[in-house]
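What follows is a single structure, written as structure tokens, with notes after it.
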Amino acid sequence: MPELTLVDAVNLALARALADDPDVVVFGEDVGVNGGVFRVTAGLQKRFGVERVFDTPLSEALISGLCVGMAAQGLRPVGEIQFMGFLYPCIDQLVNHASRLRNRTQGRLSCPMVLRTPHGAGIRAPEHHSEATEAMLAHIPGLRVVIPSAPERAYGLLLAAIRDPDPVVFLEPTRIYRAVKGEVEDNGEAMPLDVAFVIREGRDVTLVSWGAMVKDTLEAADELAGDGIDAEVIDLATLKPYDEQTIVNSVAKTGRCVIVHEAARTGGFGAEIAALVAERALLSLLAPVARVTGYDTVIPLPRLERQYIPSVARVVAAARKTCKFPD
Amino acid sequence: MPELTLVDAVNLALARALADDPDVVVFGEDVGVNGGVFRVTAGLQKRFGVERVFDTPLSEALISGLCVGMAAQGLRPVGEIQFMGFLYPCIDQLVNHASRLRNRTQGRLSCPMVLRTPHGAGIRAPEHHSEATEAMLAHIPGLRVVIPSAPERAYGLLLAAIRDPDPVVFLEPTRIYRAVKGEVEDNGEAMPLDVAFVIREGRDVTLVSWGAMVKDTLEAADELAGDGIDAEVIDLATLKPYDEQTIVNSVAKTGRCVIVHEAARTGGFGAEIAALVAERALLSLLAPVARVTGYDTVIPLPRLERQYIPSVARVVAAARKTCKFPD
Amino acid sequence: MVPPEAAVGQDTRADQDLPVIAEFAVRRRAYMAPDGTLLRDLPEFAGDRESVVSMYRGMMLARAFDLKAVALQRTGRLGTYATSLGQEAVAVGVASAMQPADVLLPSYRDNAALLWRGVTMEDILLFWGGDERGSNWSGPKQDFPFCIPVGSQAPHAAGVAYAFKYRQQARVAVCILGDGATSKGDVAEAMNFAGVWKLPVVFLVNNNQWAISVPLERQTAAQTLAQKAIAAGFCGEQVDGNDIFAVHAAAETAIAAARAGKGPSLIEAVTYRLGDHTTADDASRYRPAEEVKEHWKEDPIARLRGYLISRENWSKAEEEQIAAECEQRVDAAIDRYLAAAPRAAESMFDHLYARLPSVYAAQRKEAEEQKNA
Amino acid sequence: MVPPEAAVGQDTRADQDLPVIAEFAVRRRAYMAPDGTLLRDLPEFAGDRESVVSMYRGMMLARAFDLKAVALQRTGRLGTYATSLGQEAVAVGVASAMQPADVLLPSYRDNAALLWRGVTMEDILLFWGGDERGSNWSGPKQDFPFCIPVGSQAPHAAGVAYAFKYRQQARVAVCILGDGATSKGDVAEAMNFAGVWKLPVVFLVNNNQWAISVPLERQTAAQTLAQKAIAAGFCGEQVDGNDIFAVHAAAETAIAAARAGKGPSLIEAVTYRLGDHTTADDASRYRPAEEVKEHWKEDPIARLRGYLISRENWSKAEEEQIAAECEQRVDAAIDRYLAAAPRAAESMFDHLYARLPSVYAAQRKEAEEQKNA
Ligand SMILES: Cc1ncc(C[n+]2csc(CCOP(=O)(O)OP(=O)(O)O)c2C)c(N)n1
Ligand SMILES: Cc1ncc(C[n+]2csc(CCOP(=O)(O)OP(=O)(O)O)c2C)c(N)n1
Ligand SMILES: [Mg+2]
Ligand SMILES: [Mg+2]
């Protein structure tokens with residue numbers, strides 16, 4: 001199987017979806033001739049034509065609204081927002097329309113759309129290019145929010161998102177767009193949405209993460225192994241609706257839980273996981289639930305972005321403290 | 001002291017702010033001659049003139065962006081968004097600009113603005129008029145999010161919001177706009193932001209809530225008292241940044257925590273409170289933290305809205321269960 | 001009404017020596033004076049008495065429906081409701097120019113258009129009665145439900161039109177917006193995109209001159225709303241929105257052009273909101289009764305009646321028969337509406353996703369049990 | 001270039017019998033041909049050699065700065081950077097028409113305008129080097145920082161202008177936008193509001209004909225971007241954006257009108273982005289080298305130089321002196337930039353709020369300790 005970057009895996013999934021289903025259309029700013037500012041859509045316009053892969057005007061609210069109109073007609077629109085910092089004008093369409101069209105019409109119309117956007121910091125990009133505000137989206141009923149942490153899951157989850165009968169926001173962690181490679185077979189197989197992946201089994205502590213932070217969390221688990229701490233690592237992958245049971249089961253086993261995300265702490269999606277554990281796994285808990293997150297500050301410009309993003313060392317320290325508790 | 005509704009209290013605070021400070025300007029759709037669709041701004045245009053209290057075109061993104069521009073010039077803009085369901089186009093300005101202007105310029109410019117909007121369901125209003133998505137806002141670093149639960153706090157908190165040197169979203173619970181009255185003295189005194197109010201002391205269980213749900217939570221506390229359960233009720237009031245210590249102290253005392261909010265459960269701000277408790281008050285906990293919330297559905301049209309909004313009975317049941325735990 | 005000959009909008013500030021590189025004109029369409037007398041030759045469709053009468057019937061039905069809907073609201077049996085009082089020619093004029101396979105994207109005020117398209121009155125009432133089932137109508141399956149966030153359906157219209165074009169279907173999307181909606185950024189974005197792709201979409205602006213309490217001159221400095229299309233590179237036309245011939249003719253032309261691949265249009269139909277904004281509003285707070293009274297003189301129904309009487313031998317009997325028929329249909333629909341089965345609390349989960357994620361099963365159960373508690 | 005005499009935009013579809021109720025024209029301003037020869041009489045300010053030379057210097061400085069900034073980026077000492085290569089006349093032309101107390105609301109590409117306004121080069125570099133301190137400049141205190149979310153500063157400009165008007169200050173807000181930005185809904189909303197209130201604001205569109213890889217014809221069907229103003233009810237003018245006399249004259253006129261209470265204007269300056277979109281872009285992927293080469297013939301700096309030589313006895317010595325001086329100033333600024341003190345991690349909390357809420361004290365401490373760990 002070929003080793004692909006996450007960028008290539010997404011490209012492959014898009015190509016596959018376009019090839020398999022004439023209802024799939026891909027659009028956004030610079031996705032056509034230019035192939036996307038991250039080259040995610042490279043070659044697609046040439047292969048599938050300008051009506052299926054096209055550049056929109058510079059209008060994010062429009063991009064999300066177009067998706068709704070197309071999806072209501074049974075197309076499978078895949079819109080791209082160039083960076084998550086430019087997704088905010090889409091929230092109106094996501095909350096007020098995309099996530100509701102099925103419910104509002106009691107199934108008469110539906111909204112099988114995907115809105116893709118790069119996610120997170122760590123690539124020394126300019127202001128507004130490092131956002132990680134998945135928690136805002138994961139609060140929206142009727143929506144799905146998916147974020148892969150590796151090329152193989154990017155491929156399978158994106159195919160699932162495109163085939164899903166309901167709206168999906170698909171977040172692509174820029175920090176690992178090219179920093180990781182994985183074996184991806186172009187087999188057209190979708191992976192399940194709303195399932196969390198236990199990507200490392202362990203007995204001592206449950207580490208829950210998603211997106212680019214999964215890589216760091218795995219590194220932390222390696223480092224913890226050196227201390228004799230056997231960490232279980234869960235890649236949440238789908239944040240909305242999310243797989244509560246896998247987390248509860250894991251914490252029931254380990255008794256300890258550390259949640260790792262890049263977004264600001266207060267009201268981040270880590271709060272939801274911690275709340276779940278406090279509700280459904282309290283009696284298993286041997287230590288307080290810990291959150292290792294970005295600070296409650298504006299994500300800084302590149303000079304300080306590495307200080308903002310949780311480091312492996314911070315994850316390790318939190319896990320150690322959790323495992324040593326109540327020392 | 002006169003007994004005022006929440007509508008009147010907000011009106012009084014606006015009038016006070018306009019009278020005290022020539023930099024205060026109030027604007028939004030229908031806030032002028034019409035006095036607002038809820039009559040919150042009634043009489044203000046007549047009293048303070050059309051340059052200080054004015055109608056905007058039907059453009060929510062603009063309203064929030066205008067606030068930023070005016071605030072950067074040292075005005076104290078108070079923008080109104082007619083219903084929270086129409087606030088989503090403002091999120092771009094709130095995240096990308098209002099909350100960052102100070103940080104981005106390292107203090108050279110700042111953004112002392114207030115964006116007011118009605119919040120929540122329960123008044124049999126049409127679709128999109130019943131939103132309670134405070135959690136999306138409370139995740140934004142640099143912003144303040146405030147929601148009063150009674151006329152007296154509405155007056156003092158709104159004055160504080162207007163005088164605060166940073167941007168504030170001020171949510172006004174429509175369900176209690178006129179359903180409660182309280183003694184409000186027009187003394188020009190602001191209340192502290194980022195302080196939670198313990199509005200009923202108790203030993204057995206901590207009930208945390210905000211906005212319109214505080215009223216129901218107090219009713220639940222009364223009912224629980226009949227069972228011999230002595231509930232402490234905290235009105236969070238300011239959700240961002242929020243007063244962690246008051247909650248931790250209370251749970252340290254009671255050992256039990258029930259969080260009540262109207263918004264959908266997953267990723268609601270209740271998750272943040274539960275996470276706090278799981279992190280900082282775990283050893284005090286005698287029972288799992290419970291959340292009594294709206295369902296993870298689209299808020300239904302009026303026929304079912306009462307089934308959606310947490311009832312007093314649901315709060316009472318959850319508190320009883322928590323207090324009986326581990327039965 | 002804008003005087004038909006006045007050419008406004010000329011830039012008096014610009015250096016008149018500079019060469020002109022682009023010129024634009026907004027035209028206005030009107031056939032009937034307020035009393036129903038003719039100003040110019042009527043379009044062809046007006047020659048068919050039956051279709052003119054059916055438009056009249058459509059307007060009458062909408063008015064009868066509105067009247068009773070308001071009465072239902074006043075007696076607590078319906079939620080907030082927006083009538084089309086005085087604007088019936090706009091909704092009926094455009095809806096009657098559409099084909100069944102076209103797709104309508106209405107605003108909350110366009111009950112009259114939905115009625116024309118075949119949505120039942122009981123479905124419309126069910127929606128305004130606070131029940132989602134009302135939008136699961138048996139009428140035009142692909143039409144959009146009422147849009148309440150003003151203007152936000154304009155991008156949907158562009159998306160629908162893109163789908164038509166992509167699939168090479170000779171269908172047209174028709175989006176009805178208010179004057180207030182023309183201030184929304186999403187509307188501008190949608191129009192701009194429709195221009196680039198020459199999409200088969202018609203934006204129809206019901207310029208009833210008020211957005212709740214905000215009069216047009218506080219909404220925009222544009223002399224006409226038709227000129228909003230110039231920014232998007234296509235054409236806009238103003239019509240007398242109280243003249244159903246004008247609305248229908250303009251819509252027919254625009255829809256035909258769209259269907260023929262000639263791209264989008266904007267039609268500004270100038271009319272007047274004779275009623276309150278909705279049942280939750282009290283317009284006497286912000287506009288004088290005299291202004292409203294003045295505009296009653298332009299009532300589109302009276303106007304068409306005047307035309308029918310003077311030109312089509314319209315009889316009192318025909319008139320009364322239509323009125324009675326409308327009344328009766330509305331009453332029957334209201335009975336069906338009031339008899340609608342209650343909705344189960346747990347049903348709020350049933351169309352949240354195509355299949356309910358298992359993680360929400362417990363919540364659904366809770367809703368069900370709560371109801372039974 | 002649009003042929004100056006062609007009147008495009010006429011609606012060929014509209015029924016030509018219908019009366020015209022509004023007419024609009026877009027004019028184009030140009031003084032110099034690409035070789036610097038004159039097309040028409042120059043505006044008055046051009047009579048002052050010194051100010052013309054200072055504009056030339058401003059453009060030269062911007063170009064020298066851009067060149068070295070790109071070199072810094074290529075060698076890893078600066079973040080992503082957007083040059084104004086080929087568009088210097090736009091930024092300098094408008095900035096030089098502003099008064100110090102006016103407020104500029106720039107886009108990320110408007111380094112040249114900031115330089116003119118007195119922001120230091122080291123501050124600009126600091127910002128593009130990834131450090132917020134760069135926007136805490138000592139230059140024009142009330143100017144806005146670079147705006148990166150395209151178009152989102154347009155509503156701020158309206159707000160700033162409202163404040164000026166409210167306080168009866170004779171000041172003007174100037175907002176610089178790209179051609180791509182004219183597709184944004186917030187820009188349309190801001191222009192519309194500015195029209196209603198006749199605000200003292202000038203929207204200047206740098207139409208460099210590309211939005212990253214999206215060419216103007218995929219951005220909008222509007223024949224000119226100046227006509228976007230028609231939707232907002234005020235006037236738009238197109239200028240040759242490679243002709244600094246045209247840009248400056250149009251800006252001067254528009255700013256004076258705004259200052260005099262005559263309301264907003266839109267200026268479309270047609271130029272060309274001779275470089276990549278930013279250092280992160282490779283324009284050869286989407287546009288042919290020949291197109292770029294063609295546009296080099298319209299280079300605004302060469303054009304003004306041609307004018308100076310033919311009309312103002314411009315000497316080689318003067319030319320070289322300015323070039324050397326610019327080079328030297330840029331080098332000195334780069335040294336200062338590179339010597340900037342590092343930024344402490346915990347400083348990310350220092351301007352989050354006017355006073356750090358106590359609840360975040362622990363996080364600040366954590367950031368501080370992490371650094372020391
Ligand atoms: C985005 C948005 N903002 C505000 C509202 C509240 N609101 C409902 S109708 C209305 C006025 C709409 O005016 P117009 O577009 O002229 O339509 P009309 O009601 O006159 O038909 C407003 C402000 C809304 N529904 N949507
Ligand atoms: C709202 C928003 N969407 C997308 C982007 C990404 N982006 C940066 S520049 C750009 C193109 C801007 O084109 P234009 O407005 O013509 O300005 P130019 O760069 O040509 O000066 C895009 C799409 C952005 N910065 N902001
Ligand atoms: Mg209206
Ligand atoms: Mg450009």
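Chain A is the first sequence line, chain B the second, and so forth, proteins listed ahead of strands; every chain is numbered from 1. Here the structure is a predicted model, which means the values were calculated and not measured.
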Could you check which of B/Asp55, B/Val33, B/Leu304, B/Leu62 has the highest count of heavy-atom pairs closer than 4.5 Å to chain C?
-> B/Leu304

So which of C/Arg287, C/Met348, C/Lys184, C/Arg343 has the largest heavy-atom pair count under 4.5 angstrom toward chain B?
-> C/Met348

Under 4.5 Å from a heavy atom of chain B, the part of C/Tyr81 involved | neither

May I ask you to name which of C/Val150, C/Val187, C/Asp282, C/Asp281 has the most heavy-atom pairs under 4.5 Å with chain B?
-> C/Val150

Check whether the ring centres of B/Phe83 and B/His128 lie less than 6.0 Å apart, and answer yes or no.
-> no

Contact class of B/Phe86 relative to chain C, heavy atoms under 4.5 angstrom = side chain

Looking at C/Trp128 versus C/Phe146, is the centre-to-centre ring distance below 6.0 Å?
-> yes

Identify which part of C/Glu346 has an atom lying under 4.5 Å from any heavy atom of chain B, answering side chain, backbone, both or neither.
-> neither

C/Ile212, C/Asp179, C/Thr80: which one forms the most heavy-atom pairs within less than 4.5 Å of chain B?
-> C/Ile212

From the list C/Gln87, C/His277, C/Arg273, side-chain hydrogen bond (donor to acceptor under 3.5 Å, both in side chains) partner of C/Asn208 resolves to C/Gln87

Is the gap between the ring centers of C/Phe349 and C/Tyr360 under 6.0 Å?
-> no

Do the charged groups of B/Arg314 and C/Glu366 touch, with an N to O distance under 4.0 Å?
-> yes

Without hydrogens or angle criteria, can the side chains of C/Thr75 and C/Arg77 be said to hold a donor-acceptor pair below 3.5 Å?
-> yes

Chain C heavy atoms under 4.5 Å from B/Gln45: which part of the residue, side chain, backbone, both or neither?
-> neither

Heavy-atom closest contact (B/Thr5 atom, B/Tyr177 atom, distance) = CB-O, 3.4 Å

For C/Tyr272 and C/Glu294, test the side chains for any donor-to-acceptor distance below 3.5 angstrom and give the result as yes or no.
-> no

Charged N to carboxylate O below 4.0 Å: is that the case for C/Arg364 and C/Asp350?
-> yes

Option that, when pairs with chain C are counted at under 4.5 Å, heavy atom only, ranks first among B/Glu60, B/His129, B/Glu127, B/Arg124 = B/Glu127

May I ask you to say whether B/Arg303 pairs ionically with C/Asp131, meaning some side-chain N is under 4.0 Å from a carboxylate O?
-> yes

Side chain, backbone, both or neither: which part of B/Tyr88 has a heavy atom under 4.5 Å from chain C?
-> neither

Contacting moiety of C/Ala344, where chain B heavy atoms sit under 4.5 Å = backbone

Give, as side chain, backbone, both or neither, the part of C/Ser347 having an atom under 4.5 angstrom from any heavy atom of chain B.
-> side chain

Heavy-atom distances under 4.5 Å only: say whether B/Thr266 touches chain C with side chain, backbone, both or neither.
-> side chain

In terms of heavy-atom proximity below 4.5 Å to chain B, should C/Leu216 be classed as side chain, backbone, both, or neither?
-> neither

Examine whether an atom of C/Leu352 lies under 4.5 Å from a heavy atom of chain B, and if so say whether it belongs to the side chain, the backbone or both; otherwise answer neither.
-> side chain

